[in-house]
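Chain letters run A, B, ... following the sequence lines, proteins first, then strands; residues in each count from 1.
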Amino acid sequence: MRTHRCGEVRPEDVGRRVRVCGWVSRRREHGEHLAFVDLRDHTGLVQCVVPGTVDVRSEYVLAVEGVVRARPAGTANPDLATGEVEIQECTVEVLSVAEPPPFAVDDRVDADEHLRIRYRFVDLRRPRMQANLRLRAVINAALRAGMERQGFCEVETPLLWAPTPEGAREFVVPSRLQHGTCYVLPQSPQLAKQLLMVGGMDRYYQIARCLRDEDLRADRQFEFTQLDVEASFVGQEDVLRFVSEAVLDAAERATGTRPSEIERLTWAEAMDRFGTDKPDLRFGMELVDLTAVFAGTEVRALAAPCVKGIVVEGGGETTRSRLDQLTDQARQLGGKGLAWFRVLPTGEGGTGLDGPLARFLTEDDVAGLLVATGAAAGDLVLVVADEHLTVCTVLGRLRVLLGGRPVSEGPYRFAWIVDFPLFEGIDGDGNPVAAHHPFTMPHPDDLDRLESDPTSVRSQSYDLVLNGWELGSGSVRIHRADVQSRIFAVLGIGPEEAESRFGFLLGAFRHGAPPHAGFAVGIDRLVAIFAGEESIREVIAFPKTQSGSDPMTGAPKPVAPRVMADLGLREVPAPE
RNA sequence: GGACCUGUGGUGCAGCCUGGAGUGCACGCCGGCCUGUCAAGCCGGAGGUCGCGGGUUCAAAUCCCGUCAGGUCCGCCA
């Protein structure tokens with residue numbers, strides 16, 4: 001049907017008879033004798049010279065046959081890859097007519113996202129979306145190649161799975177053959193891949209769709225895609241190496257440069273320095289410990305087990321209303337408040353600090369704060385005093401709020417976060433909550449504190465972070481029944497409950513479970529960052545809106561009464 | 001469950017704060033002119049439930065309340 005793609009016609013083709021197919025991007029008429037038609041396909045544009053009498057309009061689908069000629073002197077278009085040539089003596093075949101598009105098929109005009117998703121089939125013709133989806137394919141291929149090269153075997157796992165009430169809310173699929181029972185769509189292939197290890201697959205990977213019925217965000221859709229990985233007879237170091245290899249391959253293919261080795265921080269260090277377990281390493285503004293400075297302070301607002309601060313360089317001009325706003329935000333994040341100090345030029349009377357608490361500080365306080373933070377005249381210092389974790393998380397948020405940059409902006413700063421705590425917080429029944437999942441292996445050095453001091457126990461789990469986004473997480477799994485029983489006991493899950501929830505997994509483990517460990521990388525986020533996008537919707541062909549609907553298909557929709565009956569379902573009024 | 005932002009011809013915006021005739025800009029669309037344009041140009045034209053409902057007012061795109069949709073975020077996401 002065609003000899004060339006539109007964007008690939010070149011001066012070497014001059015004199016050749018060619019046939020190209022594509023969409024009418026633009027038409028420039030010069031009377032009945034002459035019109036220029038820019039024909040577009042996924043490779044780009046080519047100019048076709050046609051008689052002015054040919055009736056073609058925007059987005060018509062054409063096959064154009066003609067002869068490639070150099071453009072007349074002075075009429076080349078340096079902005080086009082095909083700008084030195086054009087197709088002349090054209091015969092035009094209209095393959096499809098088209099209504100005027102609902103918005104311009106053009107990267108220079110940014111249409112409303114709702115419209116773009118409703119008419120996604122038109123939106124996808126834009127170079128931006130073409131580039132994003134093709135980059136995604138390149139990254140998928142690189143990840144696959146990286147895993148294959150390391151001896152991993154791709155295995156598909158079921159989408160119809162059993163409910164495992166734990167973690168994210170699951171999408172439920174009613175059974176037609178057994179009324180009153182349901183499958184669920186997997187939040188991830190977590191349990192399936194562990195069973196593959198018991199099954200001797202040794203090294204498994206999959207580019208797997210995961211489904212979670214949780215609220216949507218710029219970096220979260222109901223359905224998302226992970227590079228899912230699991231390997232037997234390996235430990236944490238092996239997994240980090242496998243995944244680093246594949247991800248750095250993908251980064252290299254996407255950006256043309258291979259990032260240097262991925263640096264590593266412990267969870268404790270990340271929290272201490274950046275106030276988050278997904279630190280953005282592209283900028284400083286690290287948290288500074290001021291606990292010692294204010295150890296004996298008389299200022300009640302600063303008397304706390306932990307005091308830390310961040311310096312906003314040049315932030316001295318921040319308005320009072322903005323500072324009040326930040327204080328409110330600090331409270332919403334769980335802090336008692338926010339102390340702020342403007343650093344004044346030295347020598348101008350008093351303390352050198354300005355702010356509501358400044359006049360209560362001693363000279364030693366001021367000197368200590370300035371030395372510890374290194375703040376200079378014109379800077380703003382934000383201080384939070386509270387429990388250690390609260391101080392860190394509040395300042396961590398403020399740090400990103402005040403110093404953060406768009407996630408996709410270079411440079412790309414990967415980080416491994418290791419040594420996560422095994423448990424985070426305490427649930428309503430007074431039991432610790434698993435930070436990762438209940439099959440995560442505790443750190444061997446901490447195993448003897450599992451019962452006596454559970455919240456101090458580290459786990460063998462690890463996250464991959466890029467520019468402040470969590471790209472993925474993984475862990476070494478528990479393969480020994482005795483350790484697993486102890487974990488369940490600490491979590492307050494009795495043997496019977498464990499059996500009913502995870503029986504098939506625990507049963508499998510009784511048949512010979514190899515030590516194993518794994519990881520999963522969020523591909524949507526990885527692609528978005530390399531595509532220069534702030535939302536994963538831009539790298540998904542057919543995304544949903546924040547309320548979970550699809551303006552193109554109208555999903556979710558009611559189903560016919562017959563379908564409901566087949567499934568044994570009846571709609572009931574929503575509870576008040 | 002909550003906070004904030006947005007909603008105006010097909011598209012993107014301005015108008016809203018400070019109420020006074022659906023007013024404006026750019027693109028697109030339709031028709032005409034035009035033989036070297038390239039986001040072509042020139043002339044003419046069509047196209048509106050100012051998201052929806054209610055309230056205040058002599059008068060509402062504009063102010064108030066509610067609601068719907070989209071977005072950003074908090075909660076949520078083992």
- Could you check how far CZ of Arg108(A) sits from C1' of A26(B), rounded to whole Å? 14 Å

- Message: Expected output is a numbered-order residue list: members of residues 461-469 of chain A with a heavy atom under 4.0 Å from any atom of RNA chain B. What is it?
- Response: none

- Task: Would you mind pulling out the nucleotide paired to C63(B), Watson-Crick or G-U wobble, both distances under 3.5 Å?
- Result: G55(B)

- Query: How far, in whole Å, is C17(B) from U62(B) if one measures between their P atoms?
  - Reply: 9 Å

- Please work out if Ala434(A) contacts a base, only the sugar-phosphate, or nothing of the nucleic acid, heavy-atom cut-off 4.0 Å. sugar-phosphate

- Message: With a 4.0 Å cutoff (strictly under), does any side-chain N or O of Gln332(A) reach OP1 or OP2 of A3(B)?
- Response: no

- Query: Whole Å only: how far is the CE atom of Met552(A) from the P atom of G70(B)?
  - Reply: 15 Å

- Message: Rounding to an integer number of angstrom, what distance separates U6(B) and C42(B) when you compare their C1' atoms?
- Response: 38 Å

- In whole angstroms, the gap separating C1' of C73(B) from CG of Leu333(A) amounts to 11 Å

- Task: Would you kindly check whether a donor in the side chain of Arg217(A) faces an acceptor in the base of G75(B), or vice versa, at under 3.5 angstrom?
- Result: yes

- Query: Hey, are Arg28(A) and Gln47(A) close enough side-chain-wise for a donor-acceptor pair under 3.5 Å?
  - Reply: yes

- Mate of G22(B) across any strand shown (Watson-Crick or G-U wobble, both atom pairs under 3.5 Å) is none

- Watson-Crick/G-U partner (both atom distances under 3.5 Å) of U37(B): none

- Message: Using the P atom as the point on both nucleotides, what is the distance between A46(B) and C30(B), in whole Å?
- Response: 16 Å

- Below 4.0 Å: OP1/OP2 of G70(B) and any side-chain N or O of Ser549(A): yes

- What is the pairing partner of C17(B), taking Watson-Crick or G-U wobble pairs with both distances under 3.5 Å in any strand? none

- Message: Between P on U72(B) and NE2 on His114(A), what's the gap in Å once rounded to a whole number?
- Response: 13 Å

- Message: Output the rounded distance in Å from CG (Asn77(A)) to P (A39(B)).
- Response: 6 Å

- How far, in whole Å, is C77(B) from A26(B) if one measures between their C1' atoms? 43 Å

- Separation of Arg27(A) atom CZ from G28(B) atom P, in whole Å? 14 Å

- Query: Among pairs that include at least one residue of residues 211-230 of chain A, which meet ring-ring contact (aromatic ring centres under 6.0 Å, His included), considering only residues two or more places apart or in two chains?
  - Reply: Phe171(A)-Phe222(A)

- Message: Once you apply a heavy-atom cut-off of 4.0 Å, does Ala35(A) come out as touching a base, just sugar-phosphate, or nothing?
- Response: nothing

- Gap between atoms CD and P, on Glu113(A) and U11(B) respectively (whole Å): 16 Å

- Item | G10(B) versus U72(B) - spacing of their P atoms, nearest Å | 26 Å

- Query: Which is true for Asp106(A) with a 4.0 Å heavy-atom rule: it touches a base, it touches only sugar-phosphate, or it touches nothing?
  - Reply: nothing

- Query: Paired with G48(B): which nucleotide, if any, by Watson-Crick or G-U wobble criteria at under 3.5 Å for both distances?
  - Reply: none

- Assign a letter to each nucleotide of nucleotides 31-37 of chain B from its 5' end: B, base within under 4.0 Å of a protein heavy atom; S, sugar-phosphate only; -, no contact. S--BBBB

- Task: Could you tell me how the ring of His437(A) sits relative to the ring of Phe439(A): parallel (under 30°), tilted (30 to 60°) or perpendicular (over 60°)?
- Result: tilted

- Query: Between Arg212(A) and Glu170(A), is there a salt bridge with N-O shorter than 4.0 Å?
  - Reply: no

- Task: Have a look at Arg397(A) and say if it touches a base, only the backbone sugar-phosphate, or nothing, with a 4.0 Å heavy-atom cut-off.
- Result: sugar-phosphate

- Phe420(A) vs Trp267(A) aromatic rings, parallel, tilted or perpendicular, using cut-offs 30° and 60°? tilted

- Pairwise 5' ranking along RNA chain B for Gly548(A) and Pro100(A), keeping only the more 5' one: Pro100(A)

- Query: Between Arg220(A) and Asp112(A), who's closer to the 5' end of RNA chain B by nearest nucleotide?
  - Reply: Asp112(A)

- Sugar-phosphate, base or nothing in reach of Arg501(A), heavy atoms under 4.0 Å: nothing

- Should Asp13(A) and Arg10(A) count as an ion pair when the cut-off is N to O under 4.0 Å? no

- Query: Charged N to carboxylate O below 4.0 Å: is that the case for Arg128(A) and Asp107(A)?
  - Reply: no

- Task: Pick base, sugar-phosphate or nothing for Gln190(A), based on heavy-atom distances below 4.0 Å to the nucleic acid.
- Result: base

- Query: Just to confirm, is there a sub-4.0 Å distance from OP1 or OP2 of C29(B) to any side-chain nitrogen or oxygen of Ser58(A)?
  - Reply: yes

- Under the side-chain hydrogen bond (donor to acceptor under 3.5 Å, both in side chains) rule, what pairs show up with a residue in residues 489-509 of chain A, not counting sequence neighbours? Glu166(A)-Arg501(A), Glu497(A)-Arg501(A)

- Query: Are any of the side-chain nitrogens in Arg486(A) or Glu451(A) under 4.0 Å away from the carboxylate oxygens of its partner?
  - Reply: yes

- Query: Between C77(B) and Arg169(A), is there an OP1 or OP2 to side-chain N/O distance shorter than 4.0 Å?
  - Reply: no

- Task: Go through the structure and list residues passing side-chain hydrogen bond (donor to acceptor under 3.5 Å, both in side chains) with His443(A), not counting sequence neighbours.
- Result: none

- Query: Touch check for Ile117(A), heavy atoms < 4.0 angstrom, all strands: base, sugar-phosphate only, or nothing?
  - Reply: nothing

- Message: Using the P atom as the point on both nucleotides, what is the distance between C34(B) and C43(B), in whole Å?
- Response: 16 Å

- Sticking with atom P, work out how far C27(B) lies from A40(B), rounded to a whole angstrom. 11 Å

- Message: Counting the atoms with a prime plus P, OP1 and OP2 as sugar-phosphate, which does Ser547(A) contact under 4.0 Å by heavy atoms, base, sugar-phosphate, or nothing?
- Response: sugar-phosphate

- Task: Classify the side chain of Asp215(A) and the base of G75(B) as holding, or not holding, a donor-acceptor pair under 3.5 Å.
- Result: yes

- Message: Is the distance from the ring center of Phe509(A) to that of His516(A) below 6.0 Å?
- Response: yes

- Item | d(CG, Leu115(A); C1', G28(B)) in whole Å | 14 Å

- Item | P atoms of C65(B) and C4(B), separation to the nearest Å | 11 Å

- Message: Give me each pair satisfying ring-ring contact (aromatic ring centres under 6.0 Å, His included) with a member in residues 23-45 of chain A, each pair once, sequence neighbours excluded.
- Response: His30(A)-Phe36(A)

- Query: Is A69(B) paired to anything, Watson-Crick or G-U wobble with both distances less than 3.5 Å, and if yes, which nucleotide?
  - Reply: U6(B)

- Flag the pair Arg116(A) and Glu113(A) as a salt bridge only when some basic side-chain nitrogen lies within less than 4.0 angstrom of an acidic carboxylate oxygen. no

